[in-house]
Peer 1: 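Structure below; questions to follow.
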Amino acid sequence: MAARKPIFNQQVLVDTTPLPDSVPKVNEVGATSAPLLSASFFIGARCRPYNDDYMQCKTENPGKGEFECMKEGRRVTRCAASVVDDINKHCLDEFRKHWQCLDNNNHQLWQCRKDEWKLNKCVFDNLKLEKTIPEAQGIPVHLRSKQIYAHYPALRDPGQAPFKKAVDAPGAEAPAS
Amino acid sequence: MLRERLEEDEEQEADDCYFPPQRNLPAPGFKPAALVLGMGAVCVWGFWKLGQGIREQNELAREKMWSRIHLIPLLQAEEDRDLARRHMADQAREKQLTGDNFKVYNSDRFVRPTYAVTPANTTK
C-alpha cells in the first residue's frame with residue numbers, strides 16, 4: 001500500500017461521495033485527540049476483542065484489508081463510539097475536566113492524575129471499565145501518588161499549602177509487586 | 001643576613017637543648033579520603049535518583065504506548081473506510097465516463113492513488 005497522500009496546495013478538494021448503499025452505515029467517532037487519549041484505556045478495556053479481530057484481519061489481508069476488513073472496522077468503530085457515548089452519558093464532567101487538562105498540558109498524562117483518578121473512579125462505578133496497563137512494573141504508573149515529572153505534586157493543587165491533600169491517591173494501598 | 005642565620009643555626013645545633021622546628025599542625029581543609037567518600041556519596045545518590053527517573057519514564061512510555069495500541073484499530077478503521085469510499089467513488093465515476101474500469105496494476109492489491117481527477121470548476 002502506497003502511503004502517499006494526494007495533497008492539493010491551492011485548494012481544498014474533498015470527494016464527498018458517500019459509500020454505496022450496499023455498505024452498512026456507521027457513524028464515525030468524531031472525537032479529537034485529547035478525548036480519545038483520555039478514553040483510550042476504556043476503549044481498550046471494552047473493545048479489545050474487536051480491535052484484535054480487526055488487526056488480525058488486516059494482517060491476514062496485506063494490501064487488501066481496506067476492503068476485506070470493512071465489517072471488522074465497522075465493529076471497532078461502533079464499539080469505540082459506544083464507549084465514548086457511555087462516558088459522555090455518565091461521567092461528562094470528569095471526562096471534560098480530564099481531556100481539557102490533557103489539552104492544556106501537552107497531552108502529558110502524568111500532569112493530570114487528579115482528574116484522571118476521578119474519571120477512572122466514575123467510569124469504574126458506572127461502566128465497570130477499568131484502566132489497566134499490561135506488564136506494568138511495580139505500582140502501575142497511573143496509580144502512583146508521587147509523579148517525578150509532574151509540575152505539581154499529584155496530591156495537591158497548584159499553590160496549595162504543603163501537608164494537606166486535595167485528593168486521595170487510589171494507588172496508596174495498592175500492593176507493590 | 002643568610003650567613004648570619006646559618007651561623008645562628010649552627011650554634012643552635014651545637015646546643016643540647018635544640019630540637020628542629022617541626023610543625024605537627026593538621027592540614028587545612030578536609031582529608032582526601034573524606035573528600036573522595038563525599039564525592040562517592042553524592043554520585044551514588046545521583047545515580048539512584050537517575051535510576052528512579054528512568055524507571056518512571058519507562059512506565060510512562062508504556063502507558064502512552066498502550067493508549068495508542070488501544071486507539072490504532074479505531075483510527076485505522078476510519079481511515080480505511082474513507083479510502084474505500086473514495087476508491088469506490090473513483091471507480092464508479094470512471095465507469096460512468098468510460099464504460100469500463102481500467103486495470104492499472106497487475107495485482108489485486110489496493111494501491112492508494114497518487115493522482116486524483118479534479119473537477120474543472122470548484123463550487124467553493
Side-chain angles (χ1 to χ4, degrees), chain A residues 1-6 8 11-13 15-20 23 26 28-29 36-37 40-45 47-48 50-55 58 62-67 69-70 72-77 79-80 107-110 133-138 140-142 144 147-149, chain B residues 48-96 104-124:
Chain A
M1 182 184 73
R4 294 170 291 185
K5 283 194 177 186
F8 307 102
Q11 61 215 123
V12 179
L13 286 171
D15 189 353
T16 53
T17 317
L19 276 168
V23 180
V26 58
E28 300 295 353
V29 174
L36 282 180
L37 175 62
S40 60
F41 280 92
F42 308 126
I43 292 174
C47 308
R48 191 87 190 267
Y50 299 107
N51 289 354
D52 287 352
D53 268 358
Y54 177 71
M55 293 318 268
K58 289 281 284 183
K64 291 180 292 183
E66 283 82 354
F67 298 97
C69 304
M70 285 185 84
E72 285 83 354
R74 283 192 295 275
R75 286 180 182 159
V76 165
T77 304
C79 180
H107 285 214
Q108 291 171 335
L109 287 162
W110 61 91
I133 303 175
E135 297 163 27
Q137 306 285 315
V141 74
H142 64 291
R144 292 180 191 174
Q147 305 277 325
I148 297 178
Y149 295 98
Chain B
W48 178 62
K49 294 297 276 186
L50 177 70
Q52 281 183 334
I54 290 172
R55 275 155 202 269
E56 180 153 337
Q57 274 189 342
N58 288 347
E59 292 306 306
L60 290 168
R62 192 194 309 280
E63 184 187 27
K64 189 176 161 194
M65 196 61 84
W66 272 103
S67 89
R68 184 44 69 100
I69 287 171
H70 292 320
L71 287 179
I72 274 180
L74 161 69
L75 301 170
Q76 189 68 52
E78 183 173 343
E79 174 78 6
D80 281 1
R81 215 174 300 119
D82 191 51
L83 279 174
R85 177 182 69 82
R86 287 169 194 248
H87 182 73
M88 286 173 182
D90 268 348
Q91 296 291 305
R93 222 177 285 123
E94 189 183 1
K95 195 153 192 168
Q96 194 190 5
V104 187
Y105 300 102
N106 188 25
S107 82
D108 54 352
R109 289 166 66 99
F110 171 73
V111 180
R112 195 170 187 154
T114 311
Y115 301 104
V117 182
T118 57
N121 302 310
T122 50
T123 49
K124 57 178 178 180

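What you see below is based on every heavy atom in this structure, not just the backbone, and it leaves out hydrogens, waters and symmetry mates. In the text below, chain A, chain B and the rest are named by the order of the sequence lines, each starting its count at 1.
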Peer 1: So, the side chain of A:Tyr54 versus the backbone of B:Leu74: is there a donor-acceptor pair under 3.5 Å, distance only?
Peer 2: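 Side chain of A:Tyr54 to backbone of B:Leu74: no pair is present.
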
Peer 1: For atom CZ of B:Arg93, decide whether the heavy atoms of other residues, nucleotides or ligands shown that lie under 6.0 angstrom number more than 12.
Peer 2: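 Yes, because the 6.0 Å sphere around CZ of B:Arg93 holds more than 12 heavy atoms from other groups.
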
Peer 1: Quick one: pull up CG in B:Leu83 and CZ in A:Phe67 and give me the separation to the nearest 0.5 Å.
Peer 2: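 Reported value, rounded in 0.5 Å steps: 8.0 Å.
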
Peer 1: May I ask you to test the A:Glu66-B:His87 pair for a side-chain heavy-atom distance under 4.5 Å?
Peer 2: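 In short, these two side chains do not touch, never coming nearer than 4.5 Å.
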
Peer 1: Rounded to the nearest 0.5 Å, what's the gap from CZ on B:Arg86 to CG on A:Leu19? Could you check?
Peer 2: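 The CZ atom of B:Arg86 sits 11.5 Å away from the CG atom of A:Leu19.
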
Peer 1: What option among A:Ala45, A:Pro134, A:Cys47 has the most heavy-atom pairs under 4.5 Å with chain B?
Peer 2: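 Between A:Ala45, A:Pro134, A:Cys47, the count favours A:Pro134.
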
Peer 1: Measuring only between side-chain heavy atoms, which start at C-beta, is B:Asp82 closer than 4.5 Å to A:Glu28?
Peer 2: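 Result no, sub-4.5 Å side-chain heavy-atom pair not found.
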
Peer 1: Distance check, rounded to the nearest 0.5 Å: A:Glu72 atom CD versus B:Asp80 atom CG?
Peer 2: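 Between atom CD of A:Glu72 and atom CG of B:Asp80 there are 11.5 Å.
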
Peer 1: Using modelled atom types only, decide if a donor and an acceptor are shared between the side chain of B:Glu56 and the backbone of A:Ile148 within a distance under 3.5 Å.
Peer 2: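 The answer is yes, because a donor-acceptor pair under 3.5 Å joins these two groups.
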
Peer 1: Does a side-chain heavy-atom distance below 4.5 Å link A:Val23 with B:Arg85?
Peer 2: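 A side-chain contact is absent here, since even the closest heavy-atom pair is not under 4.5 Å.
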
Peer 1: In terms of heavy-atom proximity below 4.5 Å to chain B, should A:Arg48 be classed as side chain, backbone, both, or neither?
Peer 2: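 When you check distances to chain B, only side chain atoms of A:Arg48 fall under 4.5 Å.
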
Peer 1: NE2 of A:His142 to OG of B:Ser67: how many Å apart, nearest 0.5 Å?
Peer 2: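 The NE2 atom of A:His142 sits 12.5 Å away from the OG atom of B:Ser67.
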
Peer 1: Pick from A:Asn51, A:Thr77, A:Val76: which one has the most heavy-atom pairs with chain B under 4.5 Å?
Peer 2: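 It is A:Asn51.
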
Peer 1: Quick check for you: to the nearest 0.5 Å, what is the distance between A:Gln108 atom CD and B:Leu60 atom CG?
Peer 2: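 Atom-to-atom, A:Gln108:CD and B:Leu60:CG are 9.5 Å apart.
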
Peer 1: Most heavy-atom pairs under 4.5 angstrom with chain A, which of B:Lys64, B:Arg68, B:Met88, B:Gln57?
Peer 2: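 Result: the option with the highest number of such pairs is B:Gln57.
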
Peer 1: Roughly how far, to the nearest 0.5 Å, is the OG atom of A:Ser40 from the CD atom of B:Glu63?
Peer 2: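 Answer rounded to 0.5 Å: 8.0 Å.
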
Peer 1: Main chain of A:Ile133, side chain of B:Arg62: is a donor-acceptor contact present, judged purely on distance under 3.5 Å?
Peer 2: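 A pair under 3.5 Å: no.
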
